[in-house]
2 protein chains.
Amino acid sequence: MSRSSSDIVNSLRKLISDGHYCPGERVAELHVAEKLGVSRTPVRLAFRTLEQEGLLQRAGKRGYVVREFTEEDVQIAVEVRGALEGLAARRLAERGMSEEVAKRLLECLHQGEELLGKGYLTVDDIATWSDINRRFHGTLVASTGSQVIQDAINKNNHLPFASADSIIIDTEALDSEYHKLRMAQMHHRLVYQALNHGEGARAEMLMREHAYIGLRYVELLGVDPIATE
Amino acid sequence: MSRSSSDIVNSLRKLISDGHYCPGERVAELHVAEKLGVSRTPVRLAFRTLEQEGLLQRAGKRGYVVREFTEEDVQIAVEVRGALEGLAARRLAERGMSEEVAKRLLECLHQGEELLGKGYLTVDDIATWSDINRRFHGTLVASTGSQVIQDAINKNNHLPFASADSIIIDTEALDSEYHKLRMAQMHHRLVYQALNHGEGARAEMLMREHAYIGLRYVELLGVDPIATE
DNA sequence: CTTCCATCAATTGGATCCAACCAATGTCTA
DNA sequence: TAGACATTGGTTGGATCCAATTGATGGAAG
């Protein structure tokens with residue numbers, strides 16, 4: 001069973017995100033090649049793709065290193081996603097949703113209500129929410145009609161911390177995570193409402209704020225009702 | 001004299017934008033290889049890069065075609081740039097400009113005043129403005145401090161119609177182009193003013209509006225003071 | 001005459017080979 | 001003893017070779 005070209009890219013992406021190659025560390029073609037059991041050629045091709053995605057970075061004139069991200073990078077990546085998804089939402093509101101799009105978004109909303117309606121969160125629910133969330137964002141972005149904005153968002157989402165479904169980390173504190181997801185679900189409902197009424201500016205701002213949910217909301221939703229900072 | 005790896009990407013990019021390969025047309029590795037006088041290997045590498053940049057698109061399971069863009073794509077690409085540069089401007093306003101950044105932006109403003117102060121436009125002025133404009137936008141975006149937002153903007157700018165210095169097309173109508181550049185210069189000055197006063201929201205909105213200058217302003221700045229539409 | 005299957009050509013993808021280059025280490029000389 | 005130059009090892013980039021897959025064309029059968 002030989003691996004296809006995009007499999008190599010995915011495998012290498014996984015090797016990096018799993019920490020087999022640390023940020024700042026140099027990645028050698030030969031090393032990756034024999035770790036994946038392929039020749040150097042497909043690895044070199046994958047390097048080009050991952051360089052464009054932003055996970056690899058040229059080391060001087062020779063070879064690549066794993067890109068390292070600062071705390072500021074994480075914050076900006078989230079803001080970039082908010083700006084782009086906000087743009088998509090605004091366009092969608094201004095031009096009107098099709099029946100098909102409205103139906104699919106509503107389905108996400110209903111499934112979200114059902115998932116969170118029971119009042120608490122289990123570890124299995126995380127994957128379910130992730131799927132709902134991905135479909136909501138994916139549908140919204142896809143229905144701008146243009147590939148250009150999708151590409152921009154996809155590129156940003158390749159940064160492991162920037163994508164919309166990298167919200168849940170803490171499976172220990174399912175309590176505060178539950179409150180976060182309730183908040184996210186409310187955001188989704190508000191966005192749908194704005195889209196449905198053609199309120200472009202409101203839809204945009206709601207999506208921009210919604211992006212912060214993985215970044216700034218966790219502090220406010222702990223057990224302690226009056227959070228720090 | 002052998003061509004370096006990034007030269008190949010640039011050459012191929014030029015071949016495409018010069019129309020040697022038309023939108024929708026299939027590009028074969030071998031064909032490009034012998035046109036550039038290199039082997040297939042570097043061409044395949046370049047294909048990966050250009051695929052990520054959005055200029056090439058996979059054709060089914062086999063090969064690539066030149067990406068074709070709709071009128072809507074052009075509009076969205078411009079809006080995406082506005083959203084991203086707006087984000088950069090907002091951050092810069094909120095965190096404050098360094099002396100160095102302020103100095104470089106001011107230099108662009110002065111050079112712009114000097115260029116446009118004589119009251120008309122020559123064909124030679126176009127390259128000068130393009131340089132000033134590129135430095136203004138480049139300085140602003142670079143001074144966010146994070147590579148992430150620069151990458152997002154750079155990727156968008158690879159679309160030939162989306163970059164900030166693809167404003168000037170019509171060298172016949174230097175009259176209306178002059179008015180457009182005066183408007184752009186005024187935008188730059190307003191943005192600088194907002195940055196200087198720490199007005200984040202204003203800086204952001206000005207940059208977003210400024211992006212439209214190549215798209216919607218030309219209709220309003222013709223010889224006829226009351227334009228159509 | 002049309003449709004389906006088979007064979008063949010063309011092109012892509014992967015592996016290997018070769019050359020160029022950067023870096024490091026060791027030796028020689030001042 | 002220190003600095004500079006040369007040699008060597010390792011890694012990357014390019015070219016060529018081989019295999020596999022796809023698309024097309026032609027022939028045969030219904």
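Every chain is numbered from 1, with letters handed out A, B, ... down the list of sequences. For clarity, every value in this text was computed on a predicted model and none was experimentally measured. Scope of the values below: all heavy atoms of this structure, side chains included, with no hydrogens, waters or symmetry mates.
- Atoms CG (B:Leu45) and P (C:dT12) sit 14 Å apart, rounded to a whole Å.
- The side chain of B:Arg58 places an N or O atom within less than 4.0 Å of a non-bridging phosphate oxygen (OP1 or OP2) of C:dG13.
- Judged by distance alone with a 3.5 Å cut-off, a donor-acceptor contact links the side chain of B:Arg44 to the base of C:dG14.
- Here the P atom of nucleotide D:dT12 and the CZ atom of A:Phe47 are 7 Å apart, to the nearest Å.
- When rounded to the nearest whole Å, the span between CG of B:Asp7 and P of D:dG14 equals 10 Å.
- Each of B:Arg26 and B:Pro42 was matched to the nucleotide of DNA chain D holding its nearest heavy atom; the match closer to the 5' end belongs to B:Pro42.
- Ion pairing between a basic and an acidic side chain is recognised when a charged N comes within 4.0 Å of a carboxylate O; B:Arg135 and B:Asp131 show such pairing.
- Remark: B:Ser39 is not in phosphate contact with D:dG14, judged by side-chain N or O atoms under 4.0 Å from OP1 or OP2.
- Under the 30°/60° scheme for interplanar angles, the aromatic rings of B:His188 and B:His137 are found to stand perpendicular.
- Atom-to-atom, NE2 of A:His31 to P of D:dG10 comes out at 15 Å; the value is rounded to the nearest Å.
- Atom CD in A:Glu51 sits about 10 Å away from atom P in D:dG13, given to the nearest Å.
- In this structure, the nucleotide among C:dG14, D:dA15, D:dG14 sitting nearest to the side chain of B:Val38 is D:dA15.
- Counting only heavy atoms from C-beta outward, the side chains of A:Leu87 and A:Thr144 never approach each other to under 4.5 Å.
- With hydrogens and angles left out, the side chain of B:Arg62 and the base of C:dT12 share no donor-acceptor pair within 3.5 Å.
- In this structure, A:Arg90 does not pair ionically with B:Glu79, as no charged nitrogen and carboxylate oxygen lie closer than 4.0 Å.
- The base of D:dG13 lies close enough to the side chain of A:Arg40 for a donor and an acceptor atom to sit less than 3.5 Å apart.
- Counting to the nearest Å, the P atom of D:dG10 and the CD atom of A:Glu34 are 13 Å from each other.
- Following rounding to the nearest Å, A:Tyr64 (OH) and D:dT11 (C1') show an atom-to-atom distance of 14 Å.
- Defined by atom type and a distance below 3.5 Å, a donor-acceptor pair is present between the side-chain atoms of B:Thr70 and B:Asp73.
- In the set C:dG14, C:dT12, D:dT16, the nucleotide with an atom closest to the side chain of B:Ala28 is C:dT12.
- Residue B:Leu30 contributes atom CG, which lies 17 Å from atom P of C:dA9 at whole-angstrom precision.
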